[in-house]
Amino acid sequence: LNISLVNELNYEDFISRFGNVVEHCSICAAAIWRNRPFRDVRHLHQEICSFLDLLPDTGKEGVLRLHPDLAGRLAELGSLTQESTAEQKAAGLDTMTPGEKQLLRETNIKYREKFGFPFVICARQNKKEAILKGIVERLEHSAAEELNIGIEEVKKICLLRLLSIVIDDKSHM
Ligand SMILES: NC(=O)NC1=NC(=O)NC1=O
């Protein structure tokens with residue numbers, strides 16, 4: 001899809017394509033629908049980022065809570081969304097040793113108990129070593145810090161998902 005075709009989609013098609021660029025948060029796509037036509041995929045991404053930034057903290061926490069744990073129960077059951085499955089696989093989370101799995105599981109529980117929302121990181125930009133290091137380090141932060149860091153990671157995940165849907169071609173310039 002290039003950006004001009006994106007701008008021609010009707011609302012239903014727009015949501016079916018972009019409804020999961022923020023995991024389980026189709027409201028993000030629904031909210032920015034009114035801002036079309038989009039100049040390019042960066043503009044589309046910027047509109048979603050602005051929507052996320054303007055959410056109250058309760059809304060930001062909700063966005064993070066809608067993310068599946070990394071290598072968590074849903075991953076074990078094979079019931080992640082297509083996007084999350086591919087992302088968690090890309091990070092090599094399906095090749096963790098039992099010890100690494102245990103560490104991630106226990107730290108995920110500690111993280112969620114401390115902050116009240118799950119640890120979110122852009123798995124496609126972090127191999128499993130960086131993820132294991134990241135969750136242990138970020139566990140020491142404050143809730144306010146982690147709320148913002150988590151949303152910044154959601155924005156990175158969102159951009160990669162957008163780039164897999166929209167061809168960022170400048171040829172039509
Ligand atoms: N808790 C998470 O960080 N989940 C995820 N990050 C990704 O990049 N994909 C996910 O499913």
Side-chain angles (χ1 to χ4, degrees), residues 15-29 32 41-42 44-53 55 57-166 168:
I15 292 297
S16 71
R17 297 262 183 166
F18 296 100
N20 204 50
V21 291
V22 175
E23 185 75 352
H24 297 309
C25 289
S26 55
I27 189 169
C28 295
I32 64 156
V41 67
R42 302 271 156 189
L44 185 47
H45 182 242
Q46 190 45 50
E47 295 294 341
I48 291 176
C49 292
S50 305
F51 173 76
L52 289 170
D53 288 339
L55 287 175
D57 286 356
T58 52
K60 289 177 180 169
E61 287 179 19
V63 171
L64 296 183
R65 284 194 200 102
L66 285 167
H67 279 71
D69 278 346
L70 291 166
R73 199 174 44 81
L74 290 180
E76 297 279 318
L77 294 170
S79 36
L80 290 173
T81 57
Q82 265 182 318
E83 297 92 336
S84 281
T85 303
E87 287 153 358
Q88 297 203 20
K89 192 171 171 53
L93 289 174
D94 51 350
T95 63
M96 282 195 293
T97 64
E100 288 171 328
K101 271 200 180 117
Q102 188 58 20
L103 172 65
L104 184 55
R105 191 172 303 119
E106 285 168 359
T107 320
N108 260 325
I109 291 167
K110 282 187 201 139
Y111 184 100
R112 198 187 280 267
E113 277 171 358
K114 177 173 179 182
F115 298 117
F117 48 79
F119 173 76
V120 177
I121 193 167
C122 181
R124 276 169 54 184
Q125 285 181 348
N126 293 275
K127 287 284 167 269
K128 68 176 179 180
E129 292 72 17
I131 288 171
L132 288 165
K133 191 163 167 288
I135 190 168
V136 170
E137 286 172 356
R138 286 173 49 186
L139 190 58
E140 303 314 310
H141 290 160
S142 69
E145 281 168 326
E146 277 304 301
L147 189 61
N148 288 324
I149 291 170
I151 290 295
E152 288 309 306
E153 291 301 308
V154 167
K155 292 175 183 174
K156 293 174 193 169
I157 297 167
C158 176
L159 178 57
L160 293 173
R161 290 186 181 187
L162 284 169
L163 289 169
S164 69
I165 300 167
V166 186
D168 196 16

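Just so you know, these numbers use all the heavy atoms, side chains as well, and skip hydrogens, waters and symmetry mates. Both ligands and their constituent atoms are indexed starting at 1 by order of listing.
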### Query
Distance-only, no hydrogens or angles: does the Arg138 side chain make a donor-acceptor pair with backbone N or O of Glu146 under 3.5 Å?
no
#### Entry: Counterpart residues, side chain to side chain donor-acceptor pair (under 3.5 Å), relative to Thr58 (two or more places apart)
none
### Query
What is the minimum heavy-atom distance between Gly116 and Arg65, and which atoms define it?
O-NE, 2.8 Å
### Query
ligand 1: which residues have a non-hydrogen atom closer than 4.0 Å?
Pro68, Leu70, Ser84, Glu87, Gln88, Phe119, Val120, Ile121, Cys122, Ala123, Ile157
### Query
Between Glu100 and Leu93, is there a donor-acceptor pair closer than 3.5 Å when you use the side chain of the first and the backbone of the second?
no
### Under 3.5 Å: donor-acceptor pair, side chain of Lys127, backbone of Gly92
no
### Message
So does His141 get a backbone contact from the side chain of Lys114, meaning a donor-acceptor N/O pair under 3.5 Å?
### Response
yes
